[in-house]
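Before any comments, here is the structure.
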Amino acid sequence: MHSAIPDIDQPTPLLGGLTPQEFMRDYWQKKPLLVRQAIPGFQPPVTIRDVHTLARRDEVESRLITHGDKGWSLKHGPFRKLPPATQPNWTLLVQSVDLHDDASAALMRQFRFISDARLDDLMISVATDGGGVGPHFDSYDVFLLQGHGRRRWRTSQQADRSLVPGLPLKILADFQPDADDILEPGDMLYLPPHACHDGVAIGNDCMTLSIGFRVPSQATLARGLLEAAADQVSAQHLDDPGLYGHPCLPGPDLAALYTDAGTPATRTPAALPDALVGATLETLSKIRLDRTVAARFLGQWLTSLPDSALFDPADEPPTLRAGIPASGRLTLDRCTRLMYCDQQVFINGEVAPLAAEPGLQTLADRRALEADDVRRLSPETLALLDEWLQEGWLHWED
Ligand code: SIN
Ligand code: CO
């Protein structure tokens, strides 16, 4: 599965004639943008029926939201049976369709002018007349692309984001829209975090595709960094290296045992000795919370896959070590997440046991590498790529 990296200096219909650079400067995380015919003649990658079928699968995350006289209802999939296609006011939302369908993954990757570290998934919703998730806000950016039928989007820049208490989903208590647009297939609405919005299906054949992003909280980042540092210490001095300690990063020598020669006799034996508290704090000055440790956590965490990502290795993948095919290209599977930082390379939640070489970085950025470029890789890298081919993380395309 491959797709060219978007040219960030080229005006594109996808962003209403802006270049990706201009969009990132003026809109990203700042203000909504409505784009008419972002993808002219857009044909969604899957049908409404395909979305229903996906929602039957155990490993696929889906939700059914209905509303009516009895208020809002939320159910989690899998769904063996859905309400009739002619019954109004329901919507089915299926998460991470990009993991299950190549064309959906390729569509999502048109947005790779934003880092893979931020790009999350392609969610697809289908709705009957009046269906939607209600007026709400999200904590992350989203591109809402109309795939089929029509949807009325009302949005608001309001500051009051209080919610109706006691509901199974987030519904704004007092939604005051300041924009109101009907989106047709190929039209797209970008919303920054916390923009209030309400999308209501017009007709029974509404499909909306959401290109979603992930945002770590500072707490998540801090915890991850400390965990990676802890794993680094464990890898050198304790038996269990932990997730981020393998392979071991060079770290401080902390093998020395605590000493307390000269400690006076105590009248308060239950009190923790001040010297021990101080010695504990002093070890911190030996721990380096540096770029390598941060990258170790981020790389493994951001490339780790949800359980629903399944690989289907070729029966007899080529062995690159033994000889690179004359033509063709190496491609990443649609589910594969490959990232790098300085010398570290991360794939599907693991750190690769070798240093990044330029060809490997190109493979990660382009999600593909031509045969001629594969030929330039070191034997160690080729041996590793062979393992990834066996796993089905990579494929050879003729
Ligand atoms: C949708 O109904 O497809 C989009 C849900 C949302 O507004 O987040
Ligand atoms: Co939303």
Side-chain angles (χ1 to χ4, degrees), residues 29 31-35 38-39 42 44-48 50-52 54-55 60-67 72-77 79 82-83 88-98 104 107-108 111 119-158 161 163-164 167-173 175 177 179-215:
Q29 298 247 298
K31 55 186 181 189
L33 177 67
L34 173 65
V35 180
I39 306 184
F42 181 53
V46 293
T47 63
I48 292 178
D50 291 334
V51 178
H52 294 175
L54 275 172
V60 175
E61 192 189 327
S62 59
R63 288 169 290 158
L64 178 69
I65 294 173
T66 53
H67 67 96
W72 292 92
S73 129
L74 164 69
K75 289 195 185 109
H76 291 277
F79 298 102
L82 292 164
N89 301 330
W90 64 270
T91 180
L92 171 72
L93 304 104
V94 176
Q95 218 68 47
S96 299
V97 180
D98 53 289
S104 299
L107 174 66
M108 181 177 90
F111 294 82
L119 205 48
D120 189 12
D121 76 334
L122 181 81
M123 194 240 331
I124 301 187
S125 71
V126 292
T128 60
D129 195 44
V133 304
H136 68 286
F137 66 90
D138 300 297
S139 313
Y140 37 77
D141 310 79
V142 65
F143 291 94
L144 297 154
L145 174 63
Q146 192 60 19
H148 210 285
R150 294 189 301 157
R151 172 165 240 138
R152 176 184 186 192
W153 280 106
R154 292 182 304 157
T155 57
S156 167
Q157 299 278 51
Q158 70 194 64
R161 293 198 295 271
L163 301 174
V164 181
L167 291 185
L169 58 169
K170 288 195 322 184
I171 301 287
L172 287 165
F175 182 52
D180 188 340
D181 301 284
I182 292 174
L183 270 68
E184 311 257 353
D187 291 347
M188 188 175 76
L189 178 63
Y190 162 74
L191 294 175
H194 299 132
C196 297
H197 55 286
D198 185 19
V200 179
I202 301 175
N204 286 334
D205 63 345
C206 175
M207 178 196 284
T208 303
L209 302 91
S210 305
I211 294 90
F213 295 85
R214 54 180 158 190
V215 271

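Ligands are counted one by one from 1 in listed order, and the atoms in each one are counted from 1 as well. Quick caveat, the model's predicted, so the values are computed rather than measured.
- Around the Co ion (ligand 2), the protein contributes the following N, O or S atoms at distances under 2.8 Å: H136 NE2, D138 OD2, H197 NE2.
- Under the side chain to side chain contact (heavy atoms under 4.5 Å, CB included) rule, I124 has a single partner from L93, V51, I48, L92, which is V51.
- Between T208 and ligand 1, a contact under 3.5 Å exists for no N or O pair.
- The one candidate from L145, L191, L144 that meets the side chain to side chain contact (heavy atoms under 4.5 Å, CB included) condition with S210 is L144.
- Shown in contact with H197 at under 4.0 Å from a heavy atom are these atoms of ligand 1, numbered in order with element: 6 (C), 7 (O), 8 (O).
- Of all the heavy atoms of K170, none lies under 4.0 Å from any atom of ligand 1, so neither backbone nor side chain is involved.
- Listed by chain and residue number, H136, Y140, H197 satisfy the side chain to side chain contact (heavy atoms under 4.5 Å, CB included) test with D138 (two or more places apart in sequence, or in another chain).
- Of all atoms in ligand 1, listed by their number and element, those nearer than 4.0 Å to a heavy atom of W153 are 4 (C), 7 (O).
- Under the 4.0 angstrom criterion for non-hydrogen atoms, D138 is in contact with ligand 1.
- Neither the backbone nor the side chain of Y140 comes within contact range of ligand 1; no heavy atom lies under 4.0 Å.
- Looking only at distances, no side-chain donor or acceptor of K170 sits under 3.5 Å from a matching main-chain atom of L163.
- Using a distance-only test at 3.5 Å, with no hydrogens or angles considered, a donor-acceptor pair links the side chain of T128 to the main chain of W90.
- Not counting sequence neighbours, the partners of Q95 by the side chain to side chain contact (heavy atoms under 4.5 Å, CB included) test are E61, R63, D121, M123.
- For the atom pair CG (L183) and OG1 (T208), the distance works out to 8.0 Å, reported to the nearest 0.5 Å.
- When only non-hydrogen protein atoms are considered, atom 5 (C) of ligand 1 lies nearest to V133 CG2, 3.9 Å.
- Under the rule for a side chain to side chain donor-acceptor pair (under 3.5 Å), the partners of R152 that lie at least two apart in sequence or sit in another chain are D180.
- Every atom of ligand 1 is numbered from 1 in the order shown, and the set under 4.0 Å from a heavy atom of R151 is 2 (O), 3 (O).
- If you check which protein heavy atom lies closest to atom 1 (C) of ligand 1, you get S125 OG, 3.4 Å.
- Taking a cut-off of under 4.0 Å to the non-hydrogen atoms of H136, the atoms of ligand 1 that pass are 6 (C), 7 (O), 8 (O).
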